[in-house]
Amino acid sequence: MDFAIEFQHVTKTFPGVVALDDVSFAVRRGEVHALVGENGAGKSTLLNILHGGYSEYAGTVKLNGTPVQFRNPHDAIHAGVSKVHQEISLVPNLTVAQNIFLGYEPRMGPLVDFHKMNRDAENILKRLRSPLRPDGLMVGVSAGEMQMISVAKALFHDAQVISLDEPTSSLSSAETDALMSIVRELKEHGITIFYVSHRLDEVFDLSDRVTILRDGKLVGSYETSEISRAELIRKMVGRDVSTFATRKQPRRVQPEVVLEVEDLSSPGLFEDIRFSLHKGEILGFAGLVGAKRTDVMRAVFGADPVVSGKVTVHGKVARITSPMDALERGIGLVPENRKTEGFVRYLTNEANISLTCLRRFQRLGFVDRSLRRSNADTYIQRLNVNPPRSDFPTENMSGGNQQKVVVAKWLSTQADILILDEPTKGIDVGAKAEMYALLEDLVAAGKSIILVSSELPELIGLCDRAVVMKEGRIVAEVSADEMSEELLLNYAMEGVAS
Amino acid sequence: MKVRLDTYRELGISIALVVMIGVFAFINPVYIRTNNLIDIVQQSTVNGMLAIGITFTIITGGIDLSVGSTFAVVIVSVGMLVTNGVPPLVGVAIGIIIGLTLGIVNGLLITKMKLQPFIATLGMMSVYRGVAYVMTGGWPVVRIPREFRDLTDGRVIGEIPVSVFSLIAFAIIAHVLLNRTRFGAYLYAIGGNEQATRLSGVNVDRTKVFAYGFCGIGAALAGMVLLGRLGSGEPTAGITYELLAIAAAAVGGTSLAGGKGTITGTLLGALLLSALRVGLIVAGMDSFWQFIATGLVIVVAAYFEVIQQRLRFQRNKKPVVTP
Ligand SMILES: Nc1ncnc2c1ncn2[C@@H]1O[C@H](COP(=O)(O)OP(=O)(O)OP(=O)(O)O)[C@@H](O)[C@H]1O
Ligand SMILES: [Mg+2]
């Protein structure tokens, strides 16, 4: 058998955690090989080992039959092994093209050949059907667009093996489709694709074979065509989980309007935004990447300045100019980008979770640590954070678990209006189901939720109403009964129903 | 985990300190006489107070280069007050208020005017220094009354001066602020990820202003300690002290990128630097060597962190045996 990559008895430990435990399997040349598992199963760790992110581990990695041990990502890239990171790693003050070519700029003598660089970047971006301009700066580029650039970056390296660690977690469905066809095209060119995703549709759509990890151990490798979805999930999670987003409890929208936004504008970003949120409602926000949903939410939350508009909270006009104001009025925001906006590095889960509500744990001017800890433990348990430790540094948790910590941070404010910007980004099927149940519990308890999501099934399954945005404007409002993927997509892309 | 790492660091400096004391004692036994040891501690009080203050600003990811100048302003103004009959304790209170005010000015420049801490405090370093000169016309303030000097330089237990206890008290307050209060938690959070902290509804600006204010108080206390010890004050006092304070914090494990640092570490750092200086003198080395030695200590301490990372990795290399 012709293997591109072989892992033999790979073990990797971190202080207190066995991330990978004697994992052995192989990836055939030219196949799309999916890697699945719960949050914290060890997928990213395995990719890091393959790509020189961690040079210290036990076991052997073979590339084309020869053992390799890359000391850094650069070595790996040289050997034809490129990776798209789970966490976006781009330099904000460079242009799009400069980011794609970072470290590998085309040169003319000692000088960078910017002309060629921009031209090549444009070609790659075109292949990805991305509307980005190669010479544009990264300011205002959304998470989804950044992910695209990361993909472009890997493509540019002409690698024989490309790993994608949750490449679609922040892409809209149109962009996901574009990426899927790119992956197929790459496969046709004989490139081996190693694909990590929590979106099982993609796994079944794309992959030839799938490897399942659970708690750092190998469950097995299977032909994708020979395993059913339910079986895959059972092997991943260890129990049956419904992957469909549906409301299990009766809907509880009440007539009372808790949040009313009128004529909100910020030139260059969005205009004339108006919507209202009812008590007990889950209001969805649909749209393509670049629809500026995130910008609107940040403005409502006071994170960015607004130029004009009126926000009314619980019937009172609210001038919200900072997150502090928002918090005071009981509005919380789970931001889109957990690493830059969500959690603080070096801090433990406990400290991160309590950052929004330390005031509550204060006794006589001092922080009461046992109160703080028990709050953290409550949410760690409720959201099934793994490892379930409040003293663990959030930075060292797997991506999905970091996301849960950020959500926990906002749940513990007990805000009654919660804005969630892509809250299920990068979390596994089991955790998603838990998140959906949690949202339902919240509205059942009389809270109101704004759910920004690029996963249409999620919006359709959960929301009582959805607002569709396109290029900074609201183009439609759709009720739960009308909602369908086609309708939302048509609005999001064309601005009209069909 | 964070706690464990910091403890390693502090253990490392403690070991370095003990080894160094051993070496100097071996070269010249005078080094470990009680008086000399007290001298080492006493010599670290000024730098220790400055360093504790500056640690607060560094934890937020900032810096305060103006501490040496704030120090001088407090020295000359308190000096002038107490020589003109203001009661010593009132003088101390005013000194603290001056330090706090100058620190808050720095904080406001950084938060309200959005200046970078390095630039803002570089500017104020020059401004405050100028103020100190202008106040005395460049002359020193002399004949500080005994009652004021006793407040910092008096002996309480044996030969240990009051200033050592002041340092300990200040350190305890700083430690408690950092570890037990909301303010402290926010300082670390801001240094680790300011954006996320702001989005968490934390009043980032106010927290930072407090941090710089606290730093100013550290400079004020240090200034008054020196004023009491010398019995006179000069507007040139404290030039380059900010660098020594940063060195103590850095040796003690405070990350200049922000988000990390402890008071214990900073204190140990200040102690190490002062033990080194006194040691070199006792060993009869040319005072020029102090510069070289101090510099090397800073570099070696920084490298210590790197080695420690590597050691941790090597431990991970050992395979976990699965039957
Ligand atoms: N630097 C680190 N220090 C300590 N533990 C770590 C570190 N990096 C990862 N881990 C731990 O290793 C385990 C595997 O993490 P990994 O990131 O590989 O998971 P994953 O399968 O990619 O999860 P996700 O789907 O959430 O991205 C987790 O328990 C995580 O907490
Ligand atoms: Mg991962």
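Letters A, B, ... are given to chains in the order of the sequence lines, protein chains preceding strands, and every chain is numbered from 1.
- Close placement of the A:F301 and A:W410 rings is indicated, their centers lying within 6.0 Å of each other.
- Of the two parts of B:V204, neither the backbone nor the side chain holds a non-hydrogen atom closer than 4.5 Å to a non-hydrogen atom of chain A.
- With chain A as partner, the option from B:S255, B:G191, B:G201 having the largest number of non-hydrogen pairs under 4.5 angstrom is B:G201.
- Of the listed residues (A:T413, A:T356, A:L355), the one with the most heavy-atom contacts under 4.5 Å to chain B is A:L355.
- A distance of 8.5 Å separates CD1 in B:I298 from CG in B:L243, rounded to the nearest 0.5 Å.
- Considering only heavy atoms from C-beta on, B:L178 comes within 4.5 Å of B:I263 through its side chain.
- The backbone N or O of B:G261 sits less than 3.5 Å from a side-chain atom of B:Y188, completing a donor-acceptor pair.
- No more than 12 heavy-atom neighbours from other residues, nucleotides or ligands sit within 6.0 angstrom of CZ on A:R359.
- Interface remark: A:F366 contributes backbone and side-chain atoms alike to the contact with chain B (heavy atom separation under 4.5 Å).
- Counting non-hydrogen atoms of other residues, nucleotides and ligands closer than 6.0 Å to CZ of A:R319 gives a total of 12 or fewer.
- No other option in B:T197, B:N203, B:I190, B:V202 has as many heavy-atom pairs under 4.5 Å with chain A as B:N203.
- Side-chain contact of A:D377 with A:S374: a donor-acceptor pair under 3.5 Å is absent, judged by distance alone.
- In this structure, no portion of A:F361 lies under 4.5 Å from any heavy atom of chain B.
- Of the two parts of A:E341, the backbone and the side chain both hold a non-hydrogen atom closer than 4.5 Å to a non-hydrogen atom of chain B.
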Q | Residue pair B:L167, B:F165: steps toward the side-chain contact (heavy atoms from CB on, under 4.5 Å) verdict | A | CA-CA 5 Å; B:L167 174 68; B:F165 296 100; over 6 Å; no
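- Contact residues of residues 49-59 of chain B toward chain A are absent (heavy-atom distance under 4.5 Å).
- With chain A as the partner, the residue from B:A189, B:S200, B:G184, B:A185 showing the most heavy-atom pairs under 4.5 Å is B:S200.
- Residues B:N106 and B:T121 have side chains that never bring a donor and an acceptor to within less than 3.5 angstrom of each other.
- In this structure, A:Q362 places its CD atom where more than 12 heavy-atom neighbours from other residues, nucleotides or ligands lie under 6.0 Å away.
- Across A:G59, A:G342, A:P323, the residue that shares the most heavy-atom pairs under 4.5 angstrom with chain B is A:P323.
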